[in-house]
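Notes for the one structure printed next.
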Amino acid sequence: MVVIGGGFIGLEMVENLKAQGIEVVLIERDMQIMPPIDKEMSLPIQWELEKHNVTVKLGQSVTAFKESGDHLLVETDKGMSIETQMVITSIGVVPESDLANACGLDIGPRGHIVVDKNLRTSDRSILALGDAIEVRSAVIDQKTALPLAGPANRQGRIAADVISGRGRFFRGVQGTAVCGIFSLTMASTGASEKTLKNQTSIDYDVVFAHPNNHVGYYPGATPIYMKLLFDKMNGRVLGAQAVGESGVERRIDTIAMAIQMNATVFDLEESELCYAPQYGAAKDPINIIGMIAANVMRGDLHITPWQNMGKDNAIVLDVRDPDEIECGPIPADISIPLNQLRQRLNELPLERPIQICCAVGARAYNASRLLAQHGFNTSLLSGGAETWFCVQE
């Protein structure tokens, strides 16, 4: 079986086909699975697919279907030819706006119906809603279109109120979504870094964290790979993405509500959330990633983006233990376990910036605070080696 398109529908089809014992080849034109999220957040999903023996072909477009006896041949622009009995395409959504266009309504550049905040079209007696309309982002000031059931249902309620003469308006979409892929859940809300890179009105920052879904001493704790984007000027939460086995959607739902309320990373830091050992921790993953971002905002922590690792005359310090480094080495200049760092300060140059890494970030933060108190210029490689393995792919 060939599935074309590695977005939400494509991944759901792959999972269900594999559950029926069917071998699957997944072809995606982009260089990553799940193109709406940032690439480094998509790597755990790709690894999960490969773990379940799904053949993943990235960066390829299907160019032809040809008959081959009782089978089809699927050909790509990279010269690949796959013989299959069935093809499922999930290559995106195109709005069906022919009727609106024939009526003379304004249509956006991608074929979506243009509406105002009351969901009225260019003909005020006609309202439109759902996947076919162009809306505004609730996070950054730009037009967008998102085919999601939640916003469409809310638009229906608002349209009914507008027709009834009530002064309702649609405040925009932030793109909260979730998808299950075998044992993993991926969820996201707000703006991605891809989107933020393509605008100039917001100066943003990024932090990563890998907290457990609940306390480690309670059986079954698993990590959640989290990414948080926020406004450098005021700490306003702009977006978040998370991947993990359990508790992912709960955390993204919390951040989604924070975005609706224009909350900041300081609000995440102070969030009072449910705690019992089997559900969370005294410092929930929401608190943890909020605390990291709040430390950045206060100037207590400096983050170096992974793409700048080792640049500007900096040295990379790995504070993991030797057995951890042996299992997962990264290109560090110096390796000193955290519990030896205080006794080995003489091995580090005061005149050069030091970028610190550990497994997930906690020990690197402690090392950063220790070194800063001794006059070193330090920064954190956010999310540790767990993040590095994803950003290098």
Side-chain angles (χ1 to χ4, degrees), residues 3-13 27-39 41-42 58-63 76-77 88-156 158-159 162 169-179 186 188-202 204 229 238-239 241 256 259:
V3 175
I4 305 172
F8 289 93
I9 304 301
L11 293 181
E12 290 169 357
M13 291 307 306
I27 302 174
E28 167 56 49
R29 181 179 61 182
D30 208 321
M31 289 303 297
Q32 67 169 83
I33 294 297
M34 193 62 77
I37 66 174
D38 294 321
K39 184 176 181 179
M41 299 300 293
S42 75
L58 300 177
Q60 300 193 42
S61 295
V62 173
T63 56
T76 75
D77 59 352
I88 296 175
T89 62
S90 55
I91 54 176
V93 177
V94 176
E96 176 51 82
S97 53
D98 290 347
L99 178 60
N101 193 35
C103 292
L105 303 182
D106 289 349
I107 304 295
R110 295 170 54 197
H112 297 87
I113 304 168
V114 176
V115 297
D116 63 14
K117 64 180 182 180
N118 303 117
L119 302 174
R120 296 185 187 274
T121 67
S122 53
D123 182 330
R124 287 184 55 80
S125 63
I126 301 176
L127 280 71
L129 55 91
D131 298 354
I133 69 170
E134 182 181 83
V135 293
R136 298 206 73 82
S137 166
V139 181
I140 58 177
D141 187 25
Q142 69 178 32
K143 292 182 178 180
T144 186
L146 283 176
L148 294 173
N153 276 268
R154 295 197 304 277
Q155 290 161 11
I158 291 168
V162 170
F169 66 91
F170 183 63
R171 61 184 171 187
V173 297
Q174 63 191 68
T176 305
V178 65
C179 184
M186 184 288 300
S188 62
T189 188
S192 66
E193 189 168 9
K194 291 179 184 178
T195 300
L196 292 172
K197 281 181 177 178
N198 292 325
Q199 56 80 52
T200 57
S201 60
I202 301 174
Y204 70 93
L229 301 114
L238 302 174
Q241 299 164 36
I259 291 174

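This is a predicted model, so every value here is computed, not measured. Position 1 is the first residue of the sequence; numbering continues from there.
For the atom pair Leu229 CG and Ile202 CD1, the distance stands at 10.5 Å (nearest 0.5 Å). The CD1 atom of Ile4 lies 12.5 Å from the CE atom of Met13; values are rounded to the nearest 0.5 Å. The line from CD of Gln142 to OG1 of Thr195 is 6.5 Å long, rounded to the nearest 0.5 Å. Remark: Met41 CE to Met34 CE distance equals 11.5 Å, nearest 0.5 Å. Between Ile37 atom CD1 and Ser42 atom OG the span is 5.5 Å, to the nearest 0.5 Å. Here the CG-CD1 distance, from Leu146 to Ile133, works out to 10.5 Å after rounding to the nearest 0.5 Å.
Thr189 is linked by a side-chain hydrogen bond (donor to acceptor under 3.5 Å, both in side chains) to Gln174, Thr176, counting only residues two or more places apart in sequence or in another chain. For Thr76, the side-chain hydrogen bond (donor to acceptor under 3.5 Å, both in side chains) test picks out Gln60, with sequence neighbours left out. Considering only residues two or more places apart in sequence or on other chains, Ser90 meets the side-chain contact (heavy atoms from CB on, under 4.5 Å) condition with Val3, Ile9. The side-chain hydrogen bond (donor to acceptor under 3.5 Å, both in side chains) check on Gln199 picks up Ser201, with sequence neighbours excluded. For Arg171, the side-chain hydrogen bond (donor to acceptor under 3.5 Å, both in side chains) criterion is met by Gln260, not counting sequence neighbours.
Residue pairs meeting the salt bridge (charged side-chain N to carboxylate O under 4.0 Å, His left out) criterion with at least one partner in residues 126-138, sequence neighbours excluded, are Glu134-Lys143, Arg136-Asp141. Screening residues 28-37 for salt bridge (charged side-chain N to carboxylate O under 4.0 Å, His left out), with sequence neighbours left out, gives no hits. Applying the side chain to side chain donor-acceptor pair (under 3.5 Å) test to pairs two or more places apart or on separate chains, those with a residue in residues 112-123 are Asp123-Ser125.
The two residues Val173 and Pro151 come nearest to each other via the heavy atoms CG1-CB, 3.7 Å. Across every non-hydrogen atom of Leu238 and Val139, the tightest pair is O-CG1, 3.3 Å. Pairing each heavy atom of Leu148 with each of Gly175, the nearest pair is CD1-CA, 3.8 Å. In this structure, Gly156 and Leu129 approach most closely via the heavy-atom pair CA-CD2, 3.7 Å. Shortest non-hydrogen contact noted between Asp38 and Gln241 is OD2-NE2, 2.9 Å. Heavy-atom minimum distance, Pro35 versus Gly6: CD-O, 4.0 Å.
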- Check against side-chain contact (heavy atoms from CB on, under 4.5 Å), Ile158 and Leu119: CA-CA 8 Å; Ile158 291 168; Leu119 302 174; 4.1 Å; yes
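For the pair Ile33 and Leu58, the minimum side-chain heavy-atom distance is below 4.5 Å.
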Pairs under 3.5 angstrom only: tabulate donor-acceptor contacts from the side chains of residues 94-109 to other protein residues two or more places apart or in another chain.
| residue | atom | partner | partner atom | Å |
| --- | --- | --- | --- | --- |
| Glu96 | OE2 | Asp98 | N | 3.2 |
| Ser97 | OG | Gly111 | O | 2.5 |

